[in-house]
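Worth saying up front: this structure is predicted, and the values here are computed from it rather than measured. Chain letters run A, B, ... following the sequence lines, proteins first and then strands; every chain starts at 1.
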Amino acid sequence: MSHAEVWVIAAAAVFGIGLYSLLIASHLLRQLIAIKVMGSAIFLVLVVAAGPIDGALDGLPKALVLTGIVIAISAIAFALALLVRLAEVTGSTSLEDEADDDR
Amino acid sequence: MIAEALAGLVFLPLLAACAVAVVPKRAVGVFVWSGLLPLPALLLPLTEAVWREGLVRLAVAGFASPLGIEWRVDALALVVLWLNALIAVFVGLYAARDYPPGSARGGRFWALWLLLTSAMNALLLSADLFNLFVTLELVTLAAIGLLVIDGKPAALRAAMRYLLLALLGSLFYLLGVALIYGQAGTLDLYQAGERLGPGLLPVTALVLMTMGLLVKSAIFPLHGWLPAAHGNAPGPVSAVLSAMVVKVSVYLIWRLWLWLAADWQPAWALPLLGLLGAGAILYGSVLAFLQVRLKMMVAYSTVAQLGYLMLLFPLLGPLGYSAASYHLLSHGLAKAAMFLAVSNILAVMGTDRLDRLAGADRRLPLDTLTLALAGVSILGLPPSGGFVSKWLMLQAAWAIDGWLWLAVILAGGLLAAAYLFRPLAVLCARPATAQAADDGSPPSATGLHWSGVVALLLALGALAAGLAPAPVLALLERGLPPGILP
Amino acid sequence: MNSTLLFWLPLAVVMVSALAGIGIFMAGEQRQGLRTMLNLFAAVAKLVLVGVMGLAVLGGEAPEFRMALLPGLDLVLRADALSMLFATLSAVLWLVTTVYAIAYLERGADRARFFGFFSLCVTATMGVAMAGNLLTFFIFYELLTLTTWPLVIHSGTRAAFAGARTYLVHTLGASAVFLVGMVWLYGLTGAQDFIAGGTLAALQLEYTLQLKVIFGLLVIGMGVKAALFPLHSWLPRAMVAPAPVSALLHAVAVVKAGAFGLVRVVEDIYGPELIAALGLGLPLVIIAGFTILYGSVLALYQRDIKKRLAYSTVSQVSYIALGIGIGGPIATIGGIVHLVHQGLMKIALFFCAGIYANLLGIKKIDQLDGVGRRMPWTSLCFSIGALGMIGLPPVAGFITKWYLGAGAVAVGMDWVIGILVASTLLNAAYFLPVLKRIWLHAPPAAWPADPTVSLLEVRGMVGAALVVAAMALGVGLFAGHPLSPLNWVTGIAAGYFP
Amino acid sequence: MSALVAVIVPLALLLGLWSAMALGAVRLAGQLLRLAPWVPLLLLWPLVAGSAGEFTWPLLGMRLGVDATVVPVLVLAALAWSAAGWFAGSRITEGRRWFWTGWLGALAGMHLLLLAGDMASFYVGYALLSLSAYLLVTQPGSDEAWRAGRVYLIMALAGEGALLVGLLLIAGSLGNAPLAELAANPAWVTESAARWWLLAGFAVKLGILPLHLWLPLAHPVAPVPASAVLSGVIVKAGLLGWLRFVPALEGEPQFIGQALLALGLATALGGVALGLCQTRLKTVLAYSTISQMGLLLTGFAVAFLVAGERPAMLAALGLFALHHGLNKASLFLACGCAPGASPWRLALFALPTLALAAAPLTSGYLAKTALKDLVALAPTLPLVSLVLSLTSTATALLMWKAFGLARTQTDRSIGLHPAWPLLVVAGVLVPWVYALAGGLALEFAPDKLLASLWPLGLAALLVLAWTRLSGAAVRLPEGDLVVPIERLVSLLGGRLRRANGTRTEASDDEDDTPHTPGQASRLVAQLLQLEALQRRLPVAGLALLAVGGLLWLLTLFGGR
């Protein structure tokens, strides 16, 4: 297997782990961490996908990864603020045991 | 002239948003309206250019496409841009009543509102896969921010669920983008389309991105988050959510399947997408009929109406394409008007539970009329925009002998009649004798508040779309996507 | 007349009442004077405009308004002889019904909403009359459903909503079927305007089966509003609406739109020759015949006045379908002229039923004893309408029966005369006892309700009823007059059977 | 022009009277009432002027005019109706509006009927006449009147239905054809069975045997002047219908003529037989009318047996109708003036009875001999002429019974109204004048006189035999067959009403509780539960993977 395929399979594995824990976890904080893990798996794929093009190193994927990281950070920060507010207001830190909120 | 217009569309609201966050309370109003009101004006030269050339391209700051960002505006993008501008301005006018720019709450609201509008415009202009990802994230975060502006527990929980699912969706989308880049070496929609064939990895990438977008646009099996989110959002926010935010991700699905995968002929996949849409129409309508609260009913109606947009795939063709695009436009106007009318009713009557709204039309004649007019468009009865799109869709279905789709479209119309006439009947019912007896003369109708007028204007817009569709349809005819053989 | 006037006149005729409707909505509940003025002004203006357009049509010009709606499909409002017939009927009866409604609702509630939708409903009817092609017809046809729904639920009682729900289920169901038929037709023939004598002759060879199926779909679409047999059950249920509404619904707007639609489909889309060639006339005659008898038999059993009138409408409207189904010049004339005759007679009956209900609280037939002595003029109108329904001469019904019978024999369908005579006897069976009660029975000690009534109310209502009854009698008595509906329709039929 | 006036005046008077009553102008109404009796005389004006007018506006192109067939009935109507009107003017006191509406309506109908020149106008007149007659029959408002009215209306409408079928069958080919053209070239006769529908329709009005049920109920129960007009004039409308719409062709099959002849004779004898079993004077007179109409039918049947005899038939039938109308009307008027009160009144009553029994030198003799000559022309069995004279005996017997009943009415308080004697005189003179004007052969040959005497002698013998033997009289309820039929119908109706009684009650009456949405059923609860499930994240995630997987498979492998 070429150099790149090894990394892609590893990234796929990490992505799977993150997805599994996102769906299973009941505590919101664990779910947010799972999302962060899946994000890093994707950045891994992006970096590996770069691969040299006609000799010169291709800088575009690096730029994409940087932007991706910035967006992931801001999204998670916003989610955490929301989580804190939710815990204060409703006292529960999980989406599973909520009463039906639209009655 | 075009470059200034495009730049203005994106950066004018952005700058206004920043200014609002910084400037003292008194001056917030000026910046808000200077950020919003010129938007339709900016669109005029753009429309004329697209009418003349069909496709307007602009390399931002002169960088060529693989590296730099390129803005493209074709007929479809223009239609959605117009919808966005109209919604932003009219619903903004309505929102000024609940969130006056001068107040503390107003400041936060308008910052997010302007950010949302600029992100939306940026998304519609960009034609680069990664750029689309960035703007889509911006739109989602701004929308969720608006959702929790009042901090109600129900809204908070709904927002949390919406955020989680939205992040999950954008991760899938990003994974798809990464795979596309690995294969095609470019992220530009048009170029990637030419370079990629229906191999294993490109198909996987396309499916991953579609899954992500399906979650964000709450298409049938994945619609769990939408009703709670739109049902519990404040009035104007639920309007913009239903009319624009959810539509944009469907617009992206169209872009992928009709531009990127233009020549892959995924013969069996299209009917599946169609079936998802049909499921959405039937399931959403039945649920809407069962709701007790008016806003929840309108939210489920959105789930149903989104199904119509997915019907474009089985009915691929010029007729189907212009039908779906026109439905996007007319539904946006009608649904925004409906949500504004419902929030008016909620504000005046104190509740939107149907069993307590008997005889509300005496106090809110204008909003009942708006609800009725918007209902006409949602139902697809002439002379509304909904009817035009339904008519074109029926013709498309008949052309390919798609009797199933024909039946689904008609059933959708009838079910919509079921869940729309029910609240109207309740509103027009005479209140129980006891209640009428105590206040003797019929309760005086609330005065002609201009927020009611705004809602009425949007509803009339939906009806006008029914009377003068010719120019829009001609525009769409000219800018057919490569995926549709003329 | 210069061309611009000819272009904008049809639109003006249709839109006059729409503007009035919107104005009434804006005026709100309290400003009653403004509302009445708006109402009457719009009604008179519409009548004048229809008159002007009538002159233009008589002068040989064809005023036409065309607007590009869908690619390749236009919104066309054209005034040909047939549309003028229906438009004039609507305009005249709207004016009379407005006067009646103003008097009727003097003490009612929600009048702004009522009159607003009342005007919009007439706009839709006028649009249906003036429609130049099937798509325009469909648009106004649906608008009619929407604008009449709030009128049916006006009283807000449970029965009103039950009636409105049935009405909606039927009309929206039919519109779905109508839409499929229309899409199919346009798929086959492309956009076609109404042309006297039909436009599908060329297609007859290779599409016979499809044309038959399309005809079936279109007839179902129209049949609901024209209350043909299986689709008629909404009509008696919608009787819960206040009298001016049931008068308008049953005499002018909804029911006539359905019947008018049938005439358009048979005469202006398929054309009499194609109908005969495809053999579509016979099934229509059989359905219409059965409806006539079914409606009359059920009317016998009804104890509520308006229910009885409703079932009588179910049977009477099928005369129109019978006429055009039989084909041949005489029967077609009979069918189309019945549009006007039935409208006049039925609206007179409903006005009187409304007056009885409103002024004396009478809703059931056995409460009608001796009303003749208490309200002689209303009962006179009721009697004229009833005799017309039975088809006894001088009143208009007789002319229709005469032409239908003669036309049926001319075409060789002698058995149709059996239906006509049977329905005459059945009508007599359910109308004459009512007249006997009104005139020949002794009045009860006290009437169910005897509210203090202003003179305006009484004069407005009874006046309207008298005008309409006089017209029904006049149309029957002076059928030979050059300007009478009969001669007008003879001119129209000349176009179909050159 | 004069014809139009004759038709319009009664209608105008009706409307005027009506609105006067409605608006409460009693004085004006009184004046109009005084005018009403003399309106029928207007009929004479078109007779004299003889103008024929055509007016395209009214109805389907109305033609008015007087022609030969209608003259006798016209004269009869003018005289009898005005006399009865004069009588009614003074004698009808309560229920006046009801009576006069019916009276003027019937009059307008009769005028239009007589003067009509086209089918549609004839039918309009006929319908108006039938409907207004209903008002006259039910005017007393007693239960008996209602029953008679109901029976009358049902049979009249049935007759009119048959009439309409016939007319429409003709209209199919000829449109609204003028009556003259109908009679002139009866080509349409062979096309359809229109002729027989029309024959049956008019037979109901004439009271021919099976269809006579309503007559013995309706005529007696109506007020005196109304019965006079009903029996005297309105019945003749049926005859007019026959003469206009049931022409005989040349090669008519014999059995039709024979059948009609037999029916006529049966009706004549049947009428008398049933009449003899009645106890009330007016009912007896009603049955006598039925039998006389039977005689008319026999005359009418002759046209079917021998070709080319139409003018003779017209003359004979016209004379007979005139004679019968005037005398029967005067007899009915007599019933209103207590004929038995003084010998002078009895004499007045006797005159018309003798005429009807066709005593020699009376108008009856004249009419009967003309009728006998007419029948003799037809190639029938000799038996027929014998039976014909027997009918004279029968009528004589019936008249004797009527005379007996009249003698019992001795209430002196009821005054003698001058209209009665006037009509009796007219009954004596007018037929003679008509016969002379009509040019009928007037001979007093001894054999004719003898032929008219022996039936009377026979009648006298029978009467003597009958009174001596047992004096027991057979009683029959009025309207004979109607009673069993009515019982059958009410039985059937009762069961029918019970069967669907429940259905009509169940029709939803209005209840005023406002409308609120119904409760969710069990199925709905399950649906809502499924919806709540979809909201939870794991479920959404699984759904996403499932949809994605399916889409992936289809896109990969479906694409080829």
Report yes or no: does Arg422(B) contribute a side-chain atom to a donor-acceptor pair with the main-chain N or O of Phe289(B) at less than 3.5 Å? yes
Can you say whether Tyr186(C) sits under 4.5 Å from chain B via the side chain, the backbone, both, or neither, judging by heavy atoms? side chain
In Å and rounded to the nearest 0.5 Å, what is the CZ to OH distance from Phe421(B) to Tyr167(C)? 9.5 Å
Measure distances from Trp149(C) to the heavy atoms of chain B and classify the residue's part below 4.5 Å as side chain, backbone, both or neither. side chain
Counting only heavy atoms closer than 4.5 Å, note whether Leu172(C) contacts chain B via side chain, backbone, both or neither. both
Polar side chain donor-acceptor pair, Lys335(B) to Ser301(B), under 3.5 angstrom: yes
Look at the side chain of Ser377(B) and the backbone N and O of Ala374(B), then say whether any donor-acceptor pair between them is shorter than 3.5 Å. no
Donor-acceptor pairs under 3.5 Å, side chain of residues 408-416 of chain B to any protein atom, not counting sequence neighbours: which ones?
none

State whether the side chain of Thr368(B) and the backbone N or O of Leu364(B) hold a donor-acceptor pair below 3.5 Å, judged by distance alone. yes
Examine distances only and state if a side-chain atom of Asn133(C) and a backbone atom of Val76(C) form a donor-acceptor pair shorter than 3.5 Å. no
Positions in residues 385-396 of chain B that reach chain C, provided some heavy atom is under 4.5 Å away: Phe387(B), Val388(B), Lys390(B), Trp391(B), Leu392(B), Leu394(B), Gln395(B)
Hey, do the aromatic rings of Tyr300(B) and Tyr283(B) have their centres closer than 6.0 Å? no
Side chain, backbone, both or neither of Val169(C) within contact of chain B (heavy atoms, under 4.5 Å): neither
Relative to chain B, which of Leu135(C), Leu75(C), Leu73(C), Val177(C) shows the most heavy atom pairs under 4.5 Å? Leu135(C)
